[in-house]
Structure formats: C-alpha cells, structure tokens
Amino acid sequence: MWNEDRNKWMELEDLLLGGCNGSKIIVTTRNNSVATIMGTAPAYHLGDLFQEDCLSLFVKLAFKEGEEKHYPNLLEIGNDIVKKCKGVPLAVKTLARLLYPKVDEREWKSVRDNEIWHLKQNEGDILPALRLSYNQLPFQLKQCFAYCSLFPKDYEFKSCLLVQFWMAHGLLQSPDNENQDLEDIGELYIKELMSRSLFQDVYEDGFFAYIFKMHDLVHDLAISIAKGECSVVTKTSTLAAEVCHLSILESGQEVTTQLEKLSKVQTIIFQTGQSMSLLETCISRFKYLRVRFKYLRVLDLSDSSFEVLPNSIGSLKHLRYLNLTRNDRIKQLPDSICKLHSLQTLLLGGCSNLERLPKGIRDIISLRFLAVTTKHTYLLEKAVGYWDSLRFLAITECENLKCLFEGMEGRLTYLRTLVVSDCPSLTSLSLSIKHLTALKTLEILDCEELSLMEMEGEDNQDLKLSLQKLFIKGLPKLEVLPQWLQGSASTLQQLWIVGCENLKALPEWLPRLKSLHTLGILECPKLSSLPEGMEALTALRRLRITGCPDLIRKCREEDSHKIAHVPEIELDEDSGSSSSPSEEE
C-alpha cells in the first residue's frame, strides 16, 4: 500500500467490516506513515533474510537442480555475492537469474567485484544488485526498461501493448534475422526482462499474451534511470526542456503552461481523463517539427470522455500509437485520422458509441494492431485495400455487428491474432480461412449467432494453417468443431472449448492434432465421450474437463485408458468451482 490519505483508507475500511469474526487483513508497505494510518496493531518490521536462506534461494535460481555440486568455486563466489545482497530476497533473486546458466568464473567474479557495491548507500537508494542487473542489459533492452517508468506503481502491463509501445519508438531490433516479425522480437525482450526478475507476477493470457507487474523497487530503478528523459506530470511539476516522454497525472492551467515550454515530446500518456483544451494544446504544440526525432509518436487518451477528436489529429504525421480505449462518448472519428500513414497501433476497444470507422481508414497502410468497438452492422464494407501489415485484430462488444468483412480476406495474409468477442448479432465472419495462413491465435467468445460453419463449404482437403491457440467460448449454435481445424493438425498446441451448450460430439480427427499439449472442455453438457485414438495425442500434458457430467463419468470409467498417458488431468463436475482458462494460463 502507498496511500497516505486517511480519509481514503476509512472509506475502504467501511467496505471491509462485514467479514466473519476472526478474519484478518495483512497490509504490506514500505512507508511507516501508511502503517500508522492503516494499522490496528503495532507494525511488524520485516528483518533481513538469514544468510543460509539467501544462499539456498540463490542456488535454486542460479543453477540447474543438483548442478552446484559440480562447481564448488562458483558456489563460493555465489556465497560472497549473497552476502553483498544484505538479506534482501529481491536482490538475491535478481542476481541469481542474471548469472543463470553461466558457468564462467570470470562472469561471476565480475558481479562479485563490481565497483557498484562500494558506492555509498543512503536510505531509500536503489539496491546495488538491481542496478547491477540493469547494467548487464543489452543497450536496446535498457531503453525498453526505462520507458516502463511512465506507468504508475503496481500497473498491470499487457505484453502485446507494451511491445507496440516500444515499436512506436523504434526500440525493437533484430540483428540476427532480418525477416523476424517485430512482434516476435518484442516478445523475446519481454521474456528476457522476466528472466532477470525485472517483471514479476506473470501469467499467460490468450488475449494479451502475458500480463505482469514491476516490483516497486524495480519501478524506482526505472524512474532513476529515465530521469530527465521521462517525466510524470502534476500541477507542481517542473519539466526540463529535454523531456521527451510524459505521463500526465493531473490537468489544469499549470500543466498546460508546462507543456507549452516543450518542443521535443514524443510520448504523451494521460493517466486520468483530460480536458479538451489540454488535448488541443498537446496536438497543436507537438505536431511535426523539422528536427529529426522531435515529433509525437505515442498518444494515449484511454478512459477519456470527449465527444469529438480534433481535426488537428491528422497533423501528427509521425504518430505511431493512438489509444482511445473506453471512451464511451465519442461517436465518430475525424476523416483526418486517415492521414496518419505511420500509425501502427489504433485502440478503439470499449468505444461503445462509435458509429462507424471512417471509410478512408484503409489508407492507414502501416497499421499492425487494431482493436475496435462499433455500433455499425458492418466493420468495413467491401474491400479493405491496404491492410497488408495487420498482425493483431480484436473486435469486441459490437452489439449490432452482423458481418465482419467482405472481400478483404486476401489482405489479411499476415494476421497473427484474431479476437472476436461479445458480438451477439454476428452471424458470419465472412472470412476464407485458407487465406489466414499466418494466424497463430484465434479467440471467438460469446457470439450467440455464430456457428463457424459458414467456411465449411470450401475445399479444405489440402489446407495448411499454422494455428497454435484456439479459444471458443459461449457459442450456443456450435454443434460440431469445424473441419478446417484439421489444417492446423501439426501446429495446434492449445484448444479450449467453453460454454458451448449444444456441442454434441468431439470430432474423430481430434487425435490427429499431434502438437496439442493442452485441452480444456468446460460447460459443454451434451458431450458424452472422447473420440477413439486419444492415446495418439502423445504431446498432451494437460486435460481439463469441468461441467460435463456425462463426459466426466465416461473418462473416469470405460474411457479412462484413453487419457491414462496424460500427466495432469482435472475432472470436475461442478463448473462453478473452476477458474477460467485465461485466469489459469
């Protein structure tokens, strides 16, 4: 907890008084004032971790299991490194992961003997171990990490959006493979920062790939590194002229005056709703300047409440990332937005009153990531033209949408992720699946009129797809899985079928999905058996079936031999006790 406002705590406390007798609430904080405000008992000051426990943690993370016995010299050096961490588990964990799986004594000694340990430490200073871990990062990763300081403490990052943010600033580089997609490079960056404990509380999500947070000490490190280039803006802020990236917490004349002094801004993130005048100031002030790299690339206006986006938005010729998520008042976008030929990311999800997309939106030729909510019955009418660059497309909460595309499937050959969610009137995707050869993830959720059968008339005999993850949820008209799924027989790794109440049987070709490692079947009560040959799914590592009473009974009795080879099996007739796939994954 960070809040020092006693009134806010008292408002929250009122909501917590209905617990059963004996209930306890544990509050953790690094701030004594917070402990005084919230505590009903004396604060417990957590001491340092004992040296032997620190060493045990270090060994577990720095070596493969049992490997430390073969490297007694490294173990001795590691013990010296652990002593320098002064009982702070985060420091131990960070350095252990920095050294894993290296076995060169010189690299271990360079960490132990680094001069950073000798710098004078004041209370509240960044831990040397964390700064040392940062210093070991490749240059491009240092930049990516520093940019994370723009987001508040305890912020829940979505990896796919963070990658787009980095991409907008040209931070993604691929020296080894020029043909590698920028999204793949960004995911490698994310995983590298995770492996070094700079990101934590990680879980996999089908929609966003990974969701995670930064430890508050790591966040402090990012702030200290980005100081001078990145700044969080309040009414009392004093901004240096060289600031390039802004996260605006407050609006008002004081903030507007500060912004008018700047000429190098590349990023503006509004953390709260903003006034129209402030938005106008931003757009008029930060349009393209002739000096290279001094133009706005990222504009985040999520959770805003203005009804009209200024026409001057079209003057931001180098804008690459525009976020209007969850603006439920905006009704239309200005045609000038179609002049943003460098725009790569456009986020319009949750814009529930958006009447339609501009006709010229097909001219945004660099678009790679699009999320949209609209009131219109069609997403785009007729041909789409130039969306050859699109990699991610999410269509959500479109109550009136009946058809997605017509005549555009040939233009989506590079699409990697397609999400269609909460579109109750949607009857057809109008997509020829044979053109989606790059599609890796497909999610179709809560579309009551969709059966997925409109593509069954095609010749799918020699279909070659590369689908890896398929999530189907809330399709009452789905009775059988579509035949075209067989086109991903060698690539499909995860298959989740949830809440399809009229799904009658699993296909006989299911055992041909030779790469399938996770199969989840939830709340499909008409299913009664698994197909023959399930033993052929040798890659299957996890099977979860809940809310399917007949199927579960069969799996426990006469069909048990079909799944005996699966290491992790969960059979639960009570669907209400189960978490959703996204929560677990």
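In what follows, every heavy atom counts, from backbone to side chain, and hydrogens, waters and symmetry copies are set aside.
Once rounded to the nearest 0.5 Å, the distance linking CG of L130 with CG of L221 reads 6.0 Å.
In this view, K8 satisfies the side chain to side chain donor-acceptor pair (under 3.5 Å) rule with no residue, not counting sequence neighbours. Every residue two or more places apart in sequence or in another chain that forms a salt bridge (Lys or Arg N to Asp or Glu O under 4.0 Å) with K477 is listed here: E449. Remark: T234 pairs with T236, S237 by the side chain to side chain donor-acceptor pair (under 3.5 Å) rule, at least two apart or across chains.
Y321 and F165 have perpendicular rings, their planes meeting at more than 60° on a 0 to 90° scale where under 30° would count as parallel.
Residue pairs meeting the salt bridge (charged side-chain N to carboxylate O under 4.0 Å, His left out) criterion with at least one member in residues 329-342, sequence neighbours excluded: E307-R329. Applying the salt bridge (charged side-chain N to carboxylate O under 4.0 Å, His left out) definition to pairs two or more places apart or across chains, none involves residues 9-19. Pairs passing the ring pair (Phe, Tyr, Trp, His ring centres under 6.0 Å) check and including a residue from residues 331-365, sequence neighbours excluded, do not occur.
If you look at Y147 and F145, their ring centroids are not closer than 6.0 Å. Ring centroid separation for the pair Y210 and Y203 does not come in under the 6.0 Å cut-off.
For the residue pair T325 / N323, a side-chain donor-acceptor distance below 3.5 Å is found, with atom types taken as modelled. Side chain to side chain, T267 and H169 meet the donor-acceptor criterion of an N or O pair below 3.5 Å.
Under the 4.5 Å side-chain criterion, counting only non-hydrogen atoms from C-beta, T518 is not in contact with L495.
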